[in-house]
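Here the structure comes first, spelled out in structure tokens, and everything after it is commentary.
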Amino acid sequence: MMSEEKAKNVGPSRIEMTYERFGDPQAPSILLIMGAGGQLVHWHEGFCAELAGLGHHVIRFDNRDAGLSTHFHDAPPPDLPAALAGDLSSASYTLSDLAADTVGLLDALGLDGAHLVGASLGGMIAQTVAVEHPARIRSLTSIMSTTGAPGVGGPRVGRSHRRAPYGRRTDAGAARRRRRDVRRQRRRGDRGGDPRGGAGDHRRHGAQPAQAAVVRHRRPHHPSRPPRRNPLTGGRGNARRANR
């Protein structure tokens, strides 16, 4: 693992973005995109190291308004009912801006493209990159996310929830591991969390559909164990877009 680094003048907005890399920079790159209010540390170090051990160059980063990247503290909150109805005039920025940040980070790192893995809002950002910058994406994995279309990404009626595939993994256990990782990161220094919490991070952008209705969603592999099927190269139900 490399130490946290900062890229300056990223993308059209010329913001600063903090990122961290794992593995050989010459290996195929995986860019991990966290959701609203999340920071790069919410991609567990063990998960990143495991992907790197499989022969990948892994990058996790703070989106704008998260962690140690540029914060827009003076931006007013949008009119959420209007945004959900399609009127984004009150939004300080949209998914397109977040996608441009992501592509700008690829530019800053000298990467022609990468496999994108997005969680929640990060999945919507990744989908927007696929729609607006298709030449920069090698594959797409969208985790617990949606296209923005009604009925997409919700639970399927009539299907029971399956037990966690690897032993007795519980939501409480996941929460404990998340708190442990955050405590470890705090010992390394303050990561500049927004004082208003997650709401301070995600209220400033509109709820714009990603316009990628063809993207399907896959069940994520547990980060503590190797995937049984390569999540970057396919498999039935895998959310991906290949430009090889």
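Every heavy atom of this structure was used, including side-chain atoms; hydrogens, water molecules and symmetry mates were not. Not measured: the values here are computed from a predicted model.
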Checklist entry - Which is it for R21 and E5 under the side chain to side chain contact (heavy atoms under 4.5 Å, CB included) test, yes or no, and what are the steps along the way? => result CA-CA 9 Å; R21 295 187 284 178; E5 302 175 77; 3.4 Å; yes
Checklist entry - Which is it for L31 and V117 under the side chain to side chain contact (heavy atoms under 4.5 Å, CB included) test, yes or no, and what are the steps along the way? => result CA-CA 6 Å; L31 193 62; V117 179; over 6 Å; no
Item to check | From CA spacing to verdict: side chain to side chain contact (heavy atoms under 4.5 Å, CB included), E20, F61 | outcome: CA-CA 6 Å; E20 193 169 32; F61 68 97; over 6 Å; no
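Of the candidates D24, L106, V58, L111, L111 is the only one forming a side chain to side chain contact (heavy atoms under 4.5 Å, CB included) with S29.
Between I137 and S139 the shortest side-chain heavy-atom distance does not fall below 4.5 Å. With a 4.5 Å cut-off on side-chain heavy atoms, M17 and V10 count as touching. Looking only at side-chain heavy atoms (C-beta outward), H57 and I30 stay at 4.5 Å or farther from each other. Counting heavy atoms from C-beta outward, P78 and S92 have side chains that stay 4.5 Å or more apart.
Taking CZ from F47 and CZ from F22, the interatomic distance works out to 11.0 Å, rounded to the nearest 0.5 Å. Of the inter-residue distances, the one linking L116 atom CG with T102 atom OG1 reads 7.5 Å to the nearest 0.5 angstrom. With rounding to the nearest 0.5 angstrom, the CG atom of L95 is 8.5 Å from the CD atom of E132. One distance of note links CD1 of I59 with NE2 of H115; it measures 11.0 Å at 0.5 Å rounding. R60 CZ to L40 CG: the interatomic distance, rounded to the nearest 0.5 Å, is 5.0 Å. Here the straight-line distance linking atom CG of D62 with atom CD1 of I15 works out to 10.5 Å at 0.5 Å rounding.
For the pair R64 and Y93, the cation-pi test (distance below 6.0 Å, angle within 45°) is passed.
At least one donor-acceptor pair closer than 3.5 Å links the side chain of D65 to the backbone N or O of F72. T128 contributes no side-chain N or O that, together with a main-chain N or O of S96, makes up a donor-acceptor pair within less than 3.5 Å. Side-chain atoms of R136 never come within 3.5 Å of backbone atoms of V129 as a donor-acceptor pair (strictly under, hydrogens ignored). Side-chain N or O atoms of N63 include none that pairs as donor or acceptor with a backbone N or O of A66 at under 3.5 Å. Judged by distance alone, with hydrogens and angles left aside, the side-chain atoms of S120 form no donor-acceptor pair with the main-chain N or O of G35 at under 3.5 Å.
Counted by atom type alone, S142 and Q127 present one or more donor-acceptor pairs between their side chains at under 3.5 Å.
What you find for K6 and T18 is that their closest heavy atoms are NZ-OG1, 2.8 Å. Counting all heavy atoms, side chain and backbone alike, M144 lies closest to A119 at CE-CB, 4.1 Å. A pairwise comparison of heavy atoms in E4 and L68 identifies OE1-CD1, 3.5 Å as the closest pair.
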